[in-house]
Amino acid sequence: MESKWSKIIIHASAFFAPFLVPILFFLISTESEVKRTSMQALLFQVVFGILIAIAGIFSILLIGLPFLFVFVLIFWIAPVIGIIKALSDQNWNYPIVGRWV
(Lines give C-alpha, C1' and ligand atoms only; values in the text may rest on other atoms or scores of the structure.)
Protein backbone atom coordinates (compact mmCIF):
# COMPACT_ATOMS: atom_id res chain seq x y z
CA MET A 1 0.00 0.00 0.00
CA GLU A 2 2.82 2.39 0.76
CA SER A 3 4.39 1.87 -2.64
CA LYS A 4 1.11 2.84 -4.33
CA TRP A 5 0.99 6.24 -2.64
CA SER A 6 4.72 6.73 -3.05
CA LYS A 7 4.39 6.23 -6.79
CA ILE A 8 1.43 8.62 -6.92
CA ILE A 9 3.45 11.30 -5.13
CA ILE A 10 6.43 10.74 -7.42
CA HIS A 11 4.28 11.11 -10.55
CA ALA A 12 2.47 14.16 -9.14
CA SER A 13 5.75 15.80 -8.21
CA ALA A 14 6.24 16.69 -11.89
CA PHE A 15 3.91 19.62 -11.24
CA PHE A 16 5.47 21.00 -8.04
CA ALA A 17 9.00 19.61 -7.43
CA PRO A 18 10.13 17.62 -10.46
CA PHE A 19 13.69 16.94 -9.27
CA LEU A 20 13.59 17.05 -5.48
CA VAL A 21 10.83 14.52 -4.77
CA PRO A 22 12.11 11.71 -7.05
CA ILE A 23 15.62 12.10 -5.61
CA LEU A 24 14.28 11.96 -2.04
CA PHE A 25 12.16 8.89 -2.73
CA PHE A 26 15.10 7.19 -4.45
CA LEU A 27 17.30 7.79 -1.40
CA ILE A 28 14.71 7.02 1.29
CA SER A 29 12.71 4.11 -0.15
CA THR A 30 13.71 0.50 0.30
CA GLU A 31 11.32 -0.88 -2.33
CA SER A 32 12.81 -1.50 -5.76
CA GLU A 33 9.56 -0.58 -7.53
CA VAL A 34 9.50 2.87 -5.94
CA LYS A 35 13.18 3.39 -6.69
CA ARG A 36 12.59 2.46 -10.33
CA THR A 37 9.63 4.82 -10.63
CA SER A 38 11.56 7.68 -9.05
CA MET A 39 14.53 7.16 -11.37
CA GLN A 40 12.22 7.05 -14.40
CA ALA A 41 10.46 10.24 -13.30
CA LEU A 42 13.77 12.03 -12.78
CA LEU A 43 15.17 10.91 -16.15
CA PHE A 44 11.90 11.87 -17.86
CA GLN A 45 12.08 15.40 -16.43
CA VAL A 46 15.72 15.83 -17.47
CA VAL A 47 15.33 14.40 -20.99
CA PHE A 48 12.16 16.30 -21.78
CA GLY A 49 13.61 19.49 -20.30
CA ILE A 50 16.49 19.19 -22.75
CA LEU A 51 14.15 18.36 -25.65
CA ILE A 52 11.92 21.34 -24.84
CA ALA A 53 14.96 23.64 -24.63
CA ILE A 54 16.28 22.45 -28.01
CA ALA A 55 12.84 22.78 -29.60
CA GLY A 56 12.54 26.25 -28.06
CA ILE A 57 15.79 27.30 -29.66
CA PHE A 58 14.70 25.96 -33.05
CA SER A 59 11.27 27.58 -32.71
CA ILE A 60 12.97 30.89 -33.48
CA LEU A 61 13.35 29.53 -37.00
CA LEU A 62 9.75 28.20 -36.88
CA ILE A 63 11.11 24.69 -37.41
CA GLY A 64 10.79 23.73 -33.76
CA LEU A 65 7.26 24.94 -33.06
CA PRO A 66 5.52 21.61 -33.78
CA PHE A 67 8.16 19.76 -31.75
CA LEU A 68 7.86 22.26 -28.91
CA PHE A 69 4.09 21.78 -28.83
CA VAL A 70 4.35 17.98 -28.83
CA PHE A 71 7.10 17.86 -26.19
CA VAL A 72 5.25 20.22 -23.83
CA LEU A 73 2.07 18.21 -24.31
CA ILE A 74 3.85 14.94 -23.46
CA PHE A 75 5.62 16.67 -20.56
CA TRP A 76 2.24 17.46 -18.95
CA ILE A 77 0.21 14.40 -19.97
CA ALA A 78 2.68 11.63 -19.09
CA PRO A 79 2.66 12.29 -15.30
CA VAL A 80 -1.15 12.36 -15.32
CA ILE A 81 -1.21 8.95 -16.99
CA GLY A 82 1.31 7.75 -14.40
CA ILE A 83 -0.93 8.97 -11.57
CA ILE A 84 -3.95 7.19 -13.05
CA LYS A 85 -1.99 3.95 -13.50
CA ALA A 86 -0.57 4.20 -9.97
CA LEU A 87 -4.06 4.70 -8.53
CA SER A 88 -5.14 1.45 -10.14
CA ASP A 89 -1.97 -0.30 -8.91
CA GLN A 90 -0.56 -0.91 -12.39
CA ASN A 91 3.06 -0.53 -13.43
CA TRP A 92 3.70 2.13 -16.03
CA ASN A 93 6.84 3.23 -17.86
CA TYR A 94 7.48 6.81 -18.88
CA PRO A 95 7.80 7.37 -22.62
CA ILE A 96 11.34 7.25 -24.04
CA VAL A 97 13.12 6.68 -20.69
CA GLY A 98 11.00 3.78 -19.42
CA ARG A 99 13.23 1.08 -20.81
CA TRP A 100 16.47 2.73 -19.70
CA VAL A 101 15.91 1.92 -16.03
If you measure from [atom1] on [X] to [atom2] on [Y], what distance do you get to the nearest 0.5 Å?
X: S3; Y: D89; atom1: OG; atom2: CG; result: 6.5 Å
X: I81; Y: N93; atom1: CD1; atom2: CG; result: 12.5 Å
X: F44; Y: L51; atom1: CZ; atom2: CG; result: 9.5 Å

Under a 4.5 Å side-chain heavy-atom rule over Ile, Leu, Val, Met, Phe, Trp and Tyr, are [X] and [Y] clustered together?
X: F58; Y: I52; result: yes
X: I74; Y: I83; result: yes
X: W76; Y: I9; result: no
X: F71; Y: L73; result: yes
X: V72; Y: I77; result: yes

What are the two closest heavy atoms between [X] and [Y], and how far apart are they?
X: A78; Y: W92; answer: O-CH2, 3.1 Å
X: L42; Y: P18; answer: CD1-O, 4.3 Å
X: L68; Y: G56; answer: CD1-N, 3.9 Å
X: F15; Y: V80; answer: CZ-CG2, 3.8 Å
X: F26; Y: K35; answer: O-NZ, 2.7 Å
X: Q45; Y: A14; answer: NE2-CB, 3.2 Å

Is it true that atom [atom1] of [X] has more than 12 heavy atoms of other residues, nucleotides or ligands lying nearer than 6.0 Å?
X: F19; atom1: CZ; answer: yes
X: F69; atom1: CZ; answer: no
X: F67; atom1: CZ; answer: no

Would you mind reporting whether [Y] and [X] have side-chain heavy atoms less than 4.5 Å apart?
X: M39; Y: V97; value: no
X: I96; Y: F48; value: yes
X: V21; Y: F16; value: yes
X: R36; Y: Q40; value: yes
X: H11; Y: Y94; value: yes

Query - Verdict with supporting geometry, I84 and Q90, side-chain contact (heavy atoms from CB on, under 4.5 Å) - result: CA-CA 9 Å; I84 293 168; Q90 296 177 355; over 6 Å; no

